[in-house]
2 protein chains.
Amino acid sequence: MIVHIDGGDERGGSGGAEATRRRPTIKDVAATAGVSRGTVSRYLNGGKWVSPDARDSVERAIRRTGYRTNQHARSLVTGRANALAFLLAEPQDRLFVDPTYAPLLRGAAEALAGHQMTLNLLVAGSPEERLNAVTYMSGGHVDGAMLISSHENDPLVDLLLEHEIPVVSCGLPLGRTDRVASVSVDEVGGAREMVAHLRSRGCRRIAMITGPEDQPGGRYRLQGYRDELGADFDQVLVASGDWSYESGTVAMTELLGRVGDIDAVFAASDAMAAGAIAALRRAGRRIPEDVAVGGFDDSALATSLDPTLTTMHQPFDQISAQMVALLLDIIAGGAIRSVTMPATLVVRGSS
Amino acid sequence: MIVHIDGGDERGGSGGAEATRRRPTIKDVAATAGVSRGTVSRYLNGGKWVSPDARDSVERAIRRTGYRTNQHARSLVTGRANALAFLLAEPQDRLFVDPTYAPLLRGAAEALAGHQMTLNLLVAGSPEERLNAVTYMSGGHVDGAMLISSHENDPLVDLLLEHEIPVVSCGLPLGRTDRVASVSVDEVGGAREMVAHLRSRGCRRIAMITGPEDQPGGRYRLQGYRDELGADFDQVLVASGDWSYESGTVAMTELLGRVGDIDAVFAASDAMAAGAIAALRRAGRRIPEDVAVGGFDDSALATSLDPTLTTMHQPFDQISAQMVALLLDIIAGGAIRSVTMPATLVVRGSS
DNA sequence: AACAGGACTGTGCACGTTCACAGTTTGGGT
DNA sequence: ACCCAAACTGTGAACGTGCACAGTCCTGTT
């Protein structure tokens with residue numbers, strides 16, 4: 001390791017110069033604007049009950065002094081943090097393997113920017129991290145939490161409820177549907193639509209690669225597949241994965257070894273669909289001529305595959321916007337609500 | 001969209017019951033412990049100059065009251081936020097495509113947990129986001145920033161310096177090496193080592209797929225490649241990518257079309273190496289018999305490829321730990337320093 | 001016995017903001 | 001001419017913590 005030092009510090013004023021310019025406070029603004037603290041405060045919080053004249057001079061004073069409100073002081077008195085947590089309940093090694101987190105994160109940050117709020121990313125995979133995260137959140141750092149990847153009976157949900165932290169879940173929180181708000185895509189309906197689409201293409205032996213049973217996407221997409229197939233459902237056509245590319249490859253290989261006449265496969269994620277495509281290629285099957293492939297998510301992968309992937313589009317931007325809206329409403333005292341949004345079929349080259 | 005409402009609010013106490021239990025403050029702890037606020041405060045901040053007796057009763061009182069320190073009040077008086085920013089300077093569409101961010105993020109969070117500090121993730125891709133992020137940071141929310149993906153002449157660096165926000169960059173910040181601290185891997189040396197390795201395998205026509213020229217990893221890995229090859233360097237053997245799998249495929253296809261006798265390729269990222277492998281396969285080349293492949297990063301991809309990927313291991317956990325250490329030192333008044341760490345060759349099936 | 005100094009403890013103030021409340025002005029209706 | 005509400009403004013508390021300072025006690029030395 002090479003350590004290499006550049007320059008020193010620029011501290012210590014020369015003589016009596018009042019070098020350390022204190023950060024301007026609301027008092028300074030009030031003084032230079034010729035009004036009182038109260039008026040400035042009112043201006044900062046919406047401008048209700050402040051005359052046009054006062055408004056102008058306050059604005060000028062803020063510009064002149066370079067004032068910026070001290071969030072800590074504000075939070076101390078209001079009790080609000082003006083921040084929400086983006087809470088990832090994923091074990092360490094899985095962090096960000098799911099390509100769906102990025103658009104969710106981005107959408108939430110964008111939606112929040114309009115409300116003068118910010119996003120704090122918290123990772124709570126291990127029990128220790130869970131505790132840290134809850135301590136942090138209940139410490140007043142955050143007004144509420146967006147729970148991103150919840151598993152069935154996740155102790156995190158109980159901890160959040162126990163500490164009375166407003167929370168909205170992405171996807172139905174299995175087992176606790178009634179106590180926490182949620183925004184979810186219509187998993188069952190989406191899966192049914194994909195299966196119906198594959199059937200309309202003439203496929204008759206449609207396999208499925210599922211996600212983990214303890215997550216809503218894993219459970220309900222399988223349910224939709226089963227519902228739509230009805231009497232045609234056959235357990236031998238189902239293999240399970242963990243959302244990842246690799247697990248898609250493994251599951252597809254397993255399916256091909258088990259069943260000879262598969263003519264379509266519906267994977268519960270685009271990544272698994274990509275893995276399945278790789279396995280199908282290796283087995284010499286043509287896509288979509290021999291086997292049609294359908295995914296779920298409409299992630300960036302879908303268009304960069306060869307062939308491009310038919311998949312169910314999840315409206316991530318709307319989902320995150322809804323999560324923010326719901327959470328802010330709950331924080332403001334609103335009721336716990338749940339919102340379901342439709343997934344829409346996007347037909348591409350793989351079917 | 002289906003909206004569906006469950007239950008109402010549980011507000012409004014029944015009669016005169018003092019229902020809204022105020023959060024316990026340091027004063028309550030002091031009262032139940034039978035000591036003064038000062039003693040409790042001293043206990044909380046290291047326990048220096050507090051007697052064993054007092055220590056015990058404070059500890060008991062904290063447990064009994066369920067006290068948790070109010071970070072906002074603390075920050076207001078100390079001026080410190082006890083949080084660092086993880087600042088991603090990536091345009092929206094590229095967010096988290098780079099698999100190297102996750103281990104960095106995780107490592108930083110872990111290193112920080114030991115210091116009772118937390119991480120705030122900020123995304124600053126667009127000019128608007130840059131401004132928001134800087135406003136947030138200079139608002140006192142954060143004590144310093146870890147700049148993750150810096151590009152040459154990124155205006156973000158100037159903004160940070162201008163607002164006197166302590167910053168440490170991951171990778172040498174092109175153009176401003178002297179003014180901001182940084183932790184970087186020895187890009188040039190690492191690239192040379194990989195090229196030397198490929199040569200030691202008997203390869204003579206070693207191609208390279210580079211990253212963007214405006215990022216240190218893009219620039220210096222190419223320089224190492226060029227340095228090591230010396231007189232054997234040939235511009236026709238160089239194609240450029242953008243770190244992504246797809247760009248690796250495209251670059252490799254381009255190289256194969258341009259040069260016939262390539263017997264090795266060094267990709268500046270594992271993802272591009274994976275893309276290159278796909279392209280080589282498609283062209284009927286065997287790996288490593290016909291063409292050896294080397295990557296850079298040693299990301300999770302490397303071991304899940306077929307064949308497994310020879311690559312340069314980046315010590316992400318050490319890098320993030322160093323970034324945290326350097327940043328905390330700067331915040332404490334230390335000098336601006338830069339640290340370089342070695343990348344180590346990991347030989348696997350692709351060479 | 002007086003004293004010095006270390007170990008510990010308590011108190012008042014400051015941090016920068018919001019909020020409730022009490023004023024002051026204005027304008028319109030009686 | 002009077003009054004009342006609406007529109008605006010200023011002031012004195014808090015909010016919960018850390019820190020400087022002034023104490024008090026105890027132990028060992030002169």
Side-chain angles (χ1 to χ4, degrees), chain A residues 20-59 61-62 65-83 116 135-136 138-141 143 332, chain B residues 20-59 61-62 65-83 116-117 135 138-141 143 332:
Chain A
T20 63
R21 254 199 314 262
R22 196 173 42 84
R23 244 184 94 155
T25 77
I26 206 175
K27 220 166 169 175
D28 301 321
V29 175
T32 64
V35 297
S36 73
R37 283 163 25 234
T39 304
V40 179
S41 177
R42 274 187 291 270
Y43 167 80
L44 292 171
N45 302 341
K48 195 77 182 174
W49 278 330
V50 28
S51 68
D53 278 5
R55 201 174 59 84
D56 288 351
S57 39
V58 168
E59 276 172 355
I62 287 180
T65 55
Y67 169 79
R68 221 157 346 212
T69 108
N70 182 323
Q71 283 295 341
H72 299 301
R74 171 177 284 175
S75 292
L76 177 58
V77 51
T78 60
R80 259 163 281 138
N82 294 323
Q116 308 273 51
T135 303
Y136 179 74
S138 69
H141 272 285
D143 299 318
Chain B
T20 63
R21 257 200 312 264
R22 195 173 43 84
R23 247 186 90 157
T25 77
I26 206 175
K27 220 167 172 177
D28 300 320
V29 175
T32 66
V35 298
S36 74
R37 285 167 21 237
T39 304
V40 179
S41 177
R42 275 186 292 270
Y43 167 80
L44 293 171
N45 301 340
K48 194 77 183 173
W49 277 331
V50 28
S51 68
D53 279 3
R55 201 173 60 84
D56 287 352
S57 41
V58 168
E59 275 172 355
I62 287 179
T65 54
Y67 169 78
R68 224 156 347 213
T69 106
N70 182 322
Q71 283 295 340
H72 298 302
R74 172 177 283 176
S75 291
L76 176 58
V77 51
T78 60
R80 259 163 281 140
N82 294 321
Q116 308 274 50
M117 293 185 116
T135 303
S138 69
H141 272 285
D143 299 318

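Scope of the values below: all heavy atoms of this structure, side chains included, with no hydrogens, waters or symmetry mates. Protein chains get the first letters and strands the later ones, always in sequence-line order, with residue 1 at the start of each.
Rounded to an integer number of Å, the gap from A/H72 NE2 to C/dT18 P is 14 Å. Atom CG of B/N45 and atom C1' of D/dC19 are 10 Å apart (whole Å). Counting to the nearest Å, the C1' atom of C/dG5 and the CH2 atom of B/W49 are 12 Å from each other. The interatomic distance linking B/D53 (CG) with C/dC8 (P) rounds to 10 Å, in whole Å. Remark: C1' of C/dA14 and CZ of A/R23 are 17 Å apart, rounded to the nearest angstrom. Rounded to a whole Å, the CG atom of A/L76 is 9 Å from the P atom of D/dC15. Rounded to whole Å, the distance from CG on A/N70 to P on C/dA14 is 17 Å. Rounded to an integer number of Å, the gap from B/L44 CG to C/dT9 C1' is 15 Å.
When the side-chain nitrogen and oxygen atoms of B/T25 are compared with OP1 and OP2 of D/dG16, none of them lie within a distance under 4.0 Å. At least one side-chain nitrogen or oxygen of A/S41 sits closer than 4.0 Å to the OP1 or OP2 atom of C/dT18. Of the side-chain N and O atoms in A/T78, none sit less than 4.0 angstrom from OP1 or OP2 of D/dC15.
Closest-nucleotide positions on DNA chain C for B/A54 and A/Q71 were compared, and the one nearer the 5' end corresponds to B/A54. Between B/S51 and A/A73, the residue anchored closer to the 5' end of DNA chain C is B/S51, taking for each the nucleotide with the nearest heavy atom. DNA chain D is contacted by both B/Y67 and A/T39; A/T39 maps to the nucleotide lying nearer its 5′ end (nearest heavy atom per residue).
Counting non-hydrogen atoms under 4.0 angstrom, B/S75 reaches nothing in the nucleic acid. Residue contacts for B/Y43: at a heavy-atom cut-off of 4.0 Å it reaches no nucleic acid atom on any strand shown.
Side-chain to base pairing of B/R80 with D/dG18: no donor and acceptor N or O lie closer than 3.5 Å to each other. Under 3.5 Å, the side chain of B/R37 and the base of D/dG18 form at least one donor-acceptor pair of N or O atoms. The base of C/dG16 has none of its N or O atoms less than 3.5 Å from a complementary donor or acceptor on the side chain of A/R68.
When each of C/dC15, C/dC8, D/dG10 is scored by its nearest atom to the side-chain atoms of B/V77, the top-ranked nucleotide is C/dC15.
Atoms CZ and OG1, from B/R23 and B/T65 in turn, are 10.5 Å apart once rounded to the nearest 0.5 Å.
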